[in-house]
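To keep things clear, I will list the structure first and then write my remarks on it.
Letters A, B, ... are given to chains in the order of the sequence lines, protein chains preceding strands, and every chain is numbered from 1. Source: prediction; values computed, not measured.
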Amino acid sequence: MLDLKLIREQPDYVKQQLARFAVEPALVDQVLAFDEARRQQLRKVEDLKAQRNAVSKAISKMAPGPEREAQIAAMRAVGAEIAALDKDVAAIEEGQRNAMLELRNLPHPDVPDGADDSANPVIYQEGEERTLSFAAQPHWELAEQLGMIHFEQGVKLAGSRFYVLRGLGARLQRATIQWLLDLHLRQGYTEVYTPFVVKEQVLWASGQLPKFRDNLYRDEESGLWLVPTAEVPLTSLYSDDILNADQLPIYHVAYTPCFRKEQLSAGRDVRGIKRGHQFDKVEMYMFETPERSYAALEKLRSDAEECARLLGLPFRTKLLCTGDIGFGSAKTYDIEVWAPGQGEWLEVSSCSNVEAFQARRANLRYRPEPGAKPEFLHTLNGSGLGLPRTIIAIMENYQQADGSILVPEVLRPYMGGVEVIR
RNA sequence: GGGGAGGUCGCAUAGUGGCCUAGUGCGGCGGUUUGCUAAACCGCUACAGGGGCAACCCUGUCGAGGGUUCGAAUCCCUCCCUCCCCGCCA
């Protein structure tokens, strides 16, 4: 959610920034109209309430009689008026909130204009788009030959875009998760294990709703939704709280499965495990002061890059342009690893500073100084890393001419010392 | 699933229709006093919204939402959560 005060005070600036995303300026005017109407009605109803409070108090001290009855009758009328105005105000506030929830975050000055992902500049790269000395196989062939992934069984259990990991395939994923978590602990994050289902409000807070409604699984009976990323529960960990400045920063890391319907990308990436309805991810999440949040974004990015580096995967980092950056984000880096079997760069991490966008939605504040007014804090999120794609890159980069796969050195202790999958 | 007890200010508690502008204690902050510390004493002690240049004033919030009433922490309804007892069970 954007700062209402900013919209009120600099509507033209807000419109101009939103125009970079082809957001209609009328949406901003709509918010302003609601705001004006709200204050107008509020003034009326609050005056009436003050009057009623004062007269009611006077009534309590009056002796029974016609004068008292007259005042009670008068207040009965005022009460009816208040009820009508209260209803009015509530409707206006709901309209305003709904309009506010539809507005995306404003971009950081660094964010370049661009139509789509092809306009994201590469700002850093380690390793290259290498080819192997033999004909590289895509991961779905390698994994099936080695018995690491069973695609048909996944379909049998849950339909298309589900798969079963087996043997060293399952173990490789578990080892990678474990290693990633341990790495992030060393980098200064506190591990968190959250529910994998959440209330609807939690999805509004992180900004998945309203935009991704069709991409989320939910249970009608309980009203609970399956998380599409750990970012969702992590955002609301401290919602409605007021944190003390000395508690900040808070850095969390969480492993969760992620559930996405992927209806929006039906037909894309149907082979292999690149895009499934269920996948695992290790996610980093930061709660920071506004002054430090951009320094924290650089740490987040560097911590995510370290994952790819230590796994020995060629990677590059892009700065997302206006055409590709997420709804809530002010600035986002994507980290991609090279997959020589498929011959493409795979996005394995997306590191974003959403500034106060989620904090406002989650009512998440901190007190800068003892006794000072609470302020919204900044939150950041970044994958570290997304599992299936990391596994794809490991399999495709570490494949041998004979179809076996070397286990990256850092993972071997987590694989019971297994060095080669064959 | 059944039965019972609860949810009040950071914590603990008081409050069964108007004396609540939510009291008291603890903790916390500031001050007085003081060689230093402590004690004692005094004051402050939430969040949101609206009005005003400002001092300040007003509105709302006692788990949430409705209702009754001139007036609700207090009465009624629904829901959520916590604790205890019983039953059932991966």
Side-chain angles (χ1 to χ4, degrees), chain A residues 1-9 31-101 157 194-205 218-225 233 236-248 250 257 287 356-377:
Chain A
M1 202 149 53
L2 295 177
D3 183 3
L4 181 58
K5 207 179 293 173
L6 180 70
I7 296 178
R8 211 184 269 159
E9 288 166 6
V31 170
L32 289 170
F34 276 126
D35 193 44
E36 188 50 44
R38 182 181 67 96
R39 279 188 288 177
Q40 212 171 67
Q41 296 302 83
L42 218 46
R43 240 170 291 170
K44 284 191 219 164
V45 73
E46 286 187 357
D47 281 351
L48 288 174
K49 282 179 179 172
Q51 188 193 341
R52 180 177 67 180
N53 287 345
V55 174
S56 288
K57 193 166 204 166
I59 288 172
S60 72
K61 297 189 170 76
M62 290 169 74
E67 176 57 19
R68 190 172 187 274
E69 291 310 312
Q71 291 293 0
I72 288 176
M75 285 311 102
R76 194 174 294 142
V78 169
E81 217 175 322
I82 287 172
L85 282 168
D86 267 345
K87 205 174 260 186
D88 209 19
V89 169
I92 293 168
E93 282 179 345
E94 195 194 338
Q96 180 175 19
R97 184 169 175 80
N98 287 341
M100 292 283 288
L101 287 171
L157 292 174
T194 71
F196 300 157
V197 291
V198 293
K199 299 172 183 175
E200 178 171 333
Q201 161 57 27
V202 173
L203 284 150
W204 284 99
R218 71 168 174 279
D219 173 46
E220 292 289 352
E221 193 187 356
S222 64
L224 294 174
W225 303 57
S236 289
L237 274 185
Y238 307 103
S239 64
D240 297 321
D241 286 354
I242 300 174
L243 302 173
N244 289 322
D246 60 15
Q247 293 176 265
L248 298 177
I250 297 172
F287 300 87
F357 187 83
Q358 291 176 333
R360 282 194 202 94
R361 288 171 165 243
N363 190 29
L364 164 56
R365 294 171 295 171
Y366 80 109
R367 209 180 289 283
E369 304 279 337
K373 280 254 159 228
E375 282 176 28
F376 292 112
L377 44 73

(request) Mark yes or no for whether Ser60(A), through its side chain, and Lys57(A), through its backbone, hold a donor-acceptor pair below 3.5 Å. (result) yes

(message) With a 3.5 Å limit on both atom pairs, tell me what U24(B) is paired to, counting Watson-Crick and G-U wobble, or say none.
(response) A12(B)

(request) Quick one: closest heavy-atom pair of Leu243(A) and Tyr238(A), and the distance? (result) CD2-CD2, 4.2 Å

(request) With C1' as the reference atom in both, quote the distance from G52(B) to C62(B) in angstrom, rounded to an integer. (result) 30 Å

(request) Using the P atoms only, state how far C57(B) lies from C70(B), rounded to an integer number of Å. (result) 30 Å

(message) Counting only side-chain heavy atoms from C-beta out, which of U59(B), G50(B), C70(B) sits nearest to Met75(A)?
(response) C70(B)

(message) Suppose you measure atom P in C29(B) against the same atom in A39(B); what distance do you get, rounded to whole Å?
(response) 12 Å

(request) Rounded to whole angstrom, note down the P distance from C19(B) over to U59(B). (result) 14 Å

(message) Under a 4.0 Å threshold between the charged nitrogen and the carboxylate oxygen, would Glu375(A) count as salt-bridged to Lys373(A)?
(response) no

(request) Kindly point out which of G49(B), G51(B), U59(B) is positioned nearest to the side chain of Lys49(A)? (result) U59(B)

(message) From CD of Glu93(A) over to C1' of A48(B), roughly how many Å is that when rounded to an integer?
(response) 11 Å

(message) Any carboxylate oxygen within less than 4.0 angstrom of a Lys/Arg side-chain nitrogen, looking at Glu36(A) and Arg39(A)?
(response) yes

(message) Could you tell me the Watson-Crick or G-U partner of C19(B), where both distances fall under 3.5 Å? Say none if there is no partner.
(response) none

(message) Measure CZ/Arg39(A) against C1'/G52(B) and give the value in whole Å, please.
(response) 14 Å

(message) Please check: side-chain N/O of Arg367(A) versus main-chain N/O of Ala372(A), any donor-acceptor pairing under 3.5 Å?
(response) yes

(request) Write down the distance separating the C1' atoms in G7(B) and A73(B), rounded off to the nearest Å. (result) 12 Å

(request) Scan every strand shown for a Watson-Crick or G-U wobble partner of G60(B), both distances under 3.5 Å, and answer none if you come up empty. (result) C47(B)

(request) Please measure how far the P atom in G10(B) lies from the corresponding atom in G6(B), and state the result in whole Å. (result) 23 Å

(message) Measure CG/Leu4(A) against C1'/G50(B) and give the value in whole Å, please.
(response) 13 Å

(request) State, to 0.1 Å, how close Pro233(A) and Thr194(A) come at their nearest heavy-atom pair, and which atoms those are. (result) CG-OG1, 3.4 Å

(message) Side chain of Arg52(A) only, heavy atoms from C-beta on: which candidate in G49(B), C70(B), A46(B) is closest?
(response) C70(B)

(request) Determine which nucleotide pairs with G65(B), using a 3.5 Å limit on both distances of a Watson-Crick or G-U wobble pair. (result) C77(B)

(message) Please find the pair of heavy atoms, one from Gln96(A) and one from Val31(A), that lie closest to each other, and give the distance.
(response) NE2-O, 4.0 Å

(request) Would you mind telling me which residue lines up with the more 5' stretch of RNA chain B, Asp35(A) or Ile242(A), judged by nearest nucleotide? (result) Ile242(A)

(request) Tell me the partner of C88(B), counting only Watson-Crick (N1-N3 plus N6-O4 or O6-N4) or G-U wobble (N1-O2 and O6-N3) with both under 3.5 Å; none if nothing fits. (result) none

(message) Using atom P in both nucleotides, what's the gap between C75(B) and C88(B) to the nearest angstrom?
(response) 37 Å

(request) Could you tell me the separation between the CG atom of Asp86(A) and the P atom of G49(B), rounded to a whole number of Å? (result) 17 Å

(request) Among the candidates U59(B), G50(B), A46(B), find the nucleotide nearest to the side-chain atoms of Arg367(A). (result) A46(B)

(request) Between Pro374(A) and Val45(A), name the one whose nearest nucleotide on RNA chain B is closer to the 5' end. (result) Pro374(A)

(message) Run Glu93(A) and Val89(A) through side chain to side chain contact (heavy atoms under 4.5 Å, CB included) and show every step you take.
(response) CA-CA 6 Å; Glu93(A) 282 179 345; Val89(A) 169; 3.8 Å; yes

(message) Whole angstroms only, please: what is the CZ-P distance between Arg365(A) and C47(B)?
(response) 8 Å

(request) Could you check how far CD of Gln41(A) sits from P of G60(B), rounded to whole Å? (result) 17 Å

(message) Can you tell me whether the side chain of Glu46(A) and the base of G49(B) have a donor-acceptor pair closer than 3.5 Å?
(response) yes

(request) Would you tell me if any nitrogen or oxygen in the side chain of Arg43(A) comes within less than 4.0 Å of OP1 or OP2 on G50(B)? (result) no

(request) Please determine if a side-chain N or O atom of Lys57(A) lies less than 4.0 Å away from the OP1 or OP2 oxygen of C70(B). (result) no

(request) Quick one: closest heavy-atom pair of Trp225(A) and Glu200(A), and the distance? (result) NE1-CB, 3.5 Å

(message) Can you pull out the residues from residues 59-72 of chain A that lie within a 4.0 Å heavy-atom distance of RNA chain B?
(response) Ile59(A), Ser60(A), Arg68(A), Ile72(A)

(request) For A72(B), give its Watson-Crick or G-U wobble partner with both distances under 3.5 Å, or none. (result) none

(request) Calculate the interatomic distance between Glu36(A) atom CD and G51(B) atom C1'; express it in whole Å. (result) 13 Å

(message) Check whether Arg38(A) reaches the backbone of Ile92(A) with its side chain - one donor and one acceptor, N or O, closer than 3.5 Å.
(response) no

(request) Give one of base, sugar-phosphate or nothing for Asn53(A), where a contact means two heavy atoms less than 4.0 Å apart. (result) sugar-phosphate

(request) Would you classify Lys199(A) as touching base, sugar-phosphate or nothing, given that sugar-phosphate means primed atoms plus P, OP1 and OP2, and contacts are heavy atoms under 4.0 Å? (result) nothing

(message) Between G66(B) and C80(B), how far apart are the two C1' atoms, rounded to whole Å?
(response) 14 Å

(message) Going by purine N1 to pyrimidine N3 plus the second Watson-Crick contact, or the G-U wobble pair, all under 3.5 Å, which nucleotide sits opposite A40(B)?
(response) U32(B)

(message) Rounding to an integer number of Å, can you tell me how far Gln51(A) CD sits from U59(B) P?
(response) 11 Å

